[in-house]
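First up is the structure itself, then whatever we jot down about it.
Note: hydrogens, waters and symmetry copies are ignored here, and every other heavy atom, side chains too, is used. Counting starts at 1 for both ligands and their atoms, in listed order.
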Amino acid sequence: MMNDLVLRGGSVLTPEGVVVADVGVSNGVIAALGTTVGEGKTTLDVTGCWVGPALVDIHTHLREPGQEWKEDVESGSLAAAAGGFGAVVAMPNTMPAIDAGHLARFIRDRGREVGLVDVMPSGCITLGRAGISMSHIDDLWKAGVRIFTDDGDSVANSAVLRSAMEYISALGGVVSQHAVDPDLSSVGHMHEGSVSSRLGMYGIPHAADDITLARDLVLAEMTGVRYHVQHLSTANGVELVREAKRRGVAVTAEVSPHHMAFDHTAVATTDSNFKVMPPLRESSDRQALIAGLVEGIIDAVATDHAPHAALEKEVPFEEAPNGMLGLEWAASIAIGVAALTQEAFFDRMSIRPAAIASLPEHGQVLQVGTAATIVAVDPLHTWTPTTTFSKSRNAPYIGMELAGKVRHTLLRGVVTFSDTPIVAGQ
Ligand code: DOR
């Protein structure tokens with residue numbers, strides 16, 4: 001049988017575990033899997049690569065509408081495909097913020113027009129992300145939104161959050177919280193500790209995250225909502241999540257690549273690319289986050305890909321906006337820094353994120369009949385990124401040696417990224 005495309009010789013994640021096999025793709029689905037899949041009109045040699053479901057990012061800033069000089073759906077989709085992603089959840093802190101259905105539909109449709117990754121819009125918890133009254137939650141839900149967040153800001157008012165949790169829980173959605181107390185963080189620019197003391201910079205204590213998370217877990221237990229904590233940054237946060245899971249609270253957690261790759265000592269350079277929210281914390285926090293991910297207490301790696309233009313970042317550290325890029329290097333950090341096994345890698349970067357985002361066509365281990373939405377990653381290849389598909393360049397990863405490299409990404413059988421030439425008819 002002639003397949004449209006064959007991925008030859010990879011370590012493939014199947015329902016039976018990892019097997020060395022070929023994957024035959026035809027008409028957008030996996031048509032054959034094993035050692036006798038036949039020829040392909042196109043063949044990709046993926047010897048030595050981990051082959052599994054394309055990655056899912058539940059925390060991406062695409063900046064469209066309103067801040068297209070930083071990023072747009074097209075440039076963000078290119079970066080996502082290069083990072084091995086088949087789907088991304090777009091954050092709603094755009095201008096205007098995504099607090100009603102028509103805005104969510106606009107994002108989803110832009111994603112479809114570009115066609116490189118499935119762009120799933122998330123919606124605000126509160127109108128205009130102002131934290132005062134609920135957004136048009138029903139309308140957002142009808143537009144396909146399943147994750148609700150005021151990301152960039154915490155929903156600080158407990159009564160507002162409680163109502164939103166009750167409402168979203170009745171629908172079956174997820175409340176995803178930027179868990180940073182606004183009062184404890186508003187004047188700070190970095191982690192409050194030895195480095196902030198030396199630099200004479202106002203800091204943000206661990207407690208800013210931990211207080212909000214602890215409060216939210218109490219409300220999540222009370223309302224029964226599916227609660228997700230974004231960009232966990234503290235060791236104590238990992239323990240709070242562990243304890244809540246033990247009690248049966250419907251909580252999931254994510255960690256960003258940068259909170260695993262760096263700690264607050266990076267800020268001593270005053271390079272504003274290291275200015276993120278929540279801030280890079282201590283080495284012990286970094287280690288606890290990695291351990292929490294490896295153990296599975298933390299469910300997902302989520303990039304918090306946050307593009308900002310050079311002009312915006314090339315200012316004194318205190319004046320720079322928070323955020324760094326992440327889509328193109330998240331897989332490398334998960335492999336090279338967190339040292340995930342192949343099974344854990346796909347579990348935390350595809351299977352569980354797809355479940356959190358309610359994306360049934362994503363995060364499927366490979367077998368005949370499933371959509372050919374696939375990534376091939378070479379875990380041993382070391383490389384030094386020199387550029388990015390993003391419109392912005394705020395990434396300390398550019399120029400840094402990384403281990404683990406995305407080779408090919410497929411969305412429903414279409415190759416959306418390849419870092420090695422594809423030879424048709426081989
Ligand atoms: O570093 C961050 N950047 N953290 C956030 O929560 C928001 C994000 C952004 O939108 O730039």
Side-chain angles (χ1 to χ4, degrees), residues 57-73 75-76 79 88-98 107 121-126 128-129 131 147-156 176-182 184-186 188-191 204 208-209 212-213 216 228-234 237 253-264 266-267 271-281 289 301-313 315 317-327 329-330 390-397:
D57 186 23
I58 51 176
H59 194 149
T60 312
H61 295 275
L62 294 175
R63 306 297 192 209
E64 189 176 344
Q67 294 181 313
E68 290 85 353
W69 67 89
K70 297 174 192 261
E71 195 79 288
D72 60 23
V73 171
S75 59
V88 299
V89 177
M91 287 297 108
N93 62 336
T94 48
M95 290 177 174
I98 311 301
I107 304 292
S122 58
C124 300
I125 296 171
T126 68
R129 299 174 55 253
I147 293 185
F148 295 84
T149 179
D150 275 5
D151 182 42
D153 287 304
S154 193
V155 179
S176 183
Q177 176 81 300
H178 170 103
V180 187
D181 181 90
L184 282 172
S185 61
S186 61
H189 305 291
M190 64 174 296
H191 172 63
I204 300 166
D209 295 36
T212 304
L213 176 56
D216 287 6
H228 177 76
V229 56
Q230 299 182 311
H231 39 50
L232 217 49
S233 78
T234 72
E254 69 182 39
V255 63
S256 76
H258 46 267
H259 287 105
M260 294 194 287
F262 309 109
D263 63 33
H264 66 155
V267 179
D271 175 348
S272 63
N273 285 336
F274 292 110
K275 186 172 180 187
V276 291
M277 187 64 79
L280 302 172
R281 297 203 182 272
L289 293 167
V301 176
T303 68
D304 197 1
H305 176 86
H308 294 292
L311 273 174
E312 296 163 314
K313 276 289 199 181
V315 293
F317 193 91
E318 288 92 331
E319 289 160 32
N322 290 304
M324 71 168 77
L325 307 181
L327 284 168
W329 313 287
S390 172
K391 284 190 181 180
S392 298
R393 285 183 65 89
N394 53 313
Y397 307 111

Problem - Nearest-contact summary for atom 3 (N) of ligand 1 - protein heavy atom, Å - result: Asn322 O, 3.2 Å
Which of the atoms of ligand 1 are close to [X], meaning less than 4.0 Å from one of its heavy atoms?
{"X": "Val276", "value": "1 (O)"}
{"X": "Ala306", "value": "3 (N), 8 (C), 9 (C), 11 (O)"}
{"X": "Gly152", "value": "6 (O), 7 (C)"}
{"X": "Asp151", "value": "6 (O)"}
{"X": "His308", "value": "11 (O)"}

Exercise for the section: Under the side chain to side chain contact (heavy atoms under 4.5 Å, CB included) rule, what do Val315 and Lys313 come out as? Steps first, then yes or no, please. Expected result: CA-CA 6 Å; Val315 293; Lys313 276 289 199 181; over 6 Å; no
Practice task
Measure up the His191 and His264 rings against each other and bin them: parallel (under 30°), tilted (30 to 60°), perpendicular (over 60°).
Solution key: perpendicular
Practice task
Just say parallel, tilted or perpendicular for the rings of Phe262 and Tyr397, cut-offs at 30° and 60°.
Solution key: tilted
Handout entry: Modelled atom types, side-chain donor and acceptor of Asp151 and His61, under 3.5 Å
Key = yes
Practice task
List the atom of Gly131, the atom of Asp150, and the distance in Å for their closest heavy-atom pair.
Solution key: N-OD2, 4.3 Å
Practice task
Say whether Pro278, considering both its backbone and side-chain N or O atoms, lies within less than 3.5 Å of an N or O atom on ligand 1.
Solution key: no
Practice task
State whether the shortest distance between N or O atoms of Asn93 and N or O atoms of ligand 1 falls below 3.5 angstrom.
Solution key: yes
Problem - Sole candidate of His259, His228, His231 that passes ring pair (Phe, Tyr, Trp, His ring centres under 6.0 Å) when paired with His59 - result: His231
Practice task
Determine whether Asn394 and Glu312 make a side-chain contact, defined as any pair of heavy atoms from C-beta on separated by less than 4.5 Å.
Solution key: no
Exercise for the section: Check whether any side-chain heavy atom of Pro257 lies under 4.5 Å from a side-chain heavy atom of Asp304, and answer yes or no. Expected result: no
Fill in the blank from the handout: Among Met91, His61, Arg63, the residue with a heavy atom nearest to atom 11 (O) of ligand 1 is Arg63
Completion exercise
In terms of its nearest heavy atom to atom 4 (N) of ligand 1, the top option of Gln67, His178, Gln230, Met277 is Met277
Exercise for the section: Work out whether the distance between some heavy atom of Pro321 and some atom of ligand 1 is less than 4.0 Å. Expected result: no
Problem - Under-4.0 Å heavy-atom contact with ligand 1, by part of His231 that carries it - result: side chain
Exercise for the section: Report the part of Met324 in contact with ligand 1, treating N, CA, C, O as backbone and CB onward as side chain, heavy atoms under 4.0 Å; options are side chain, backbone, both, neither. Expected result: neither
Practice task
Going by the side-chain contact (heavy atoms from CB on, under 4.5 Å) test, name the single residue among Gln230, His178, Arg63 that passes it with Met91.
Solution key: Gln230
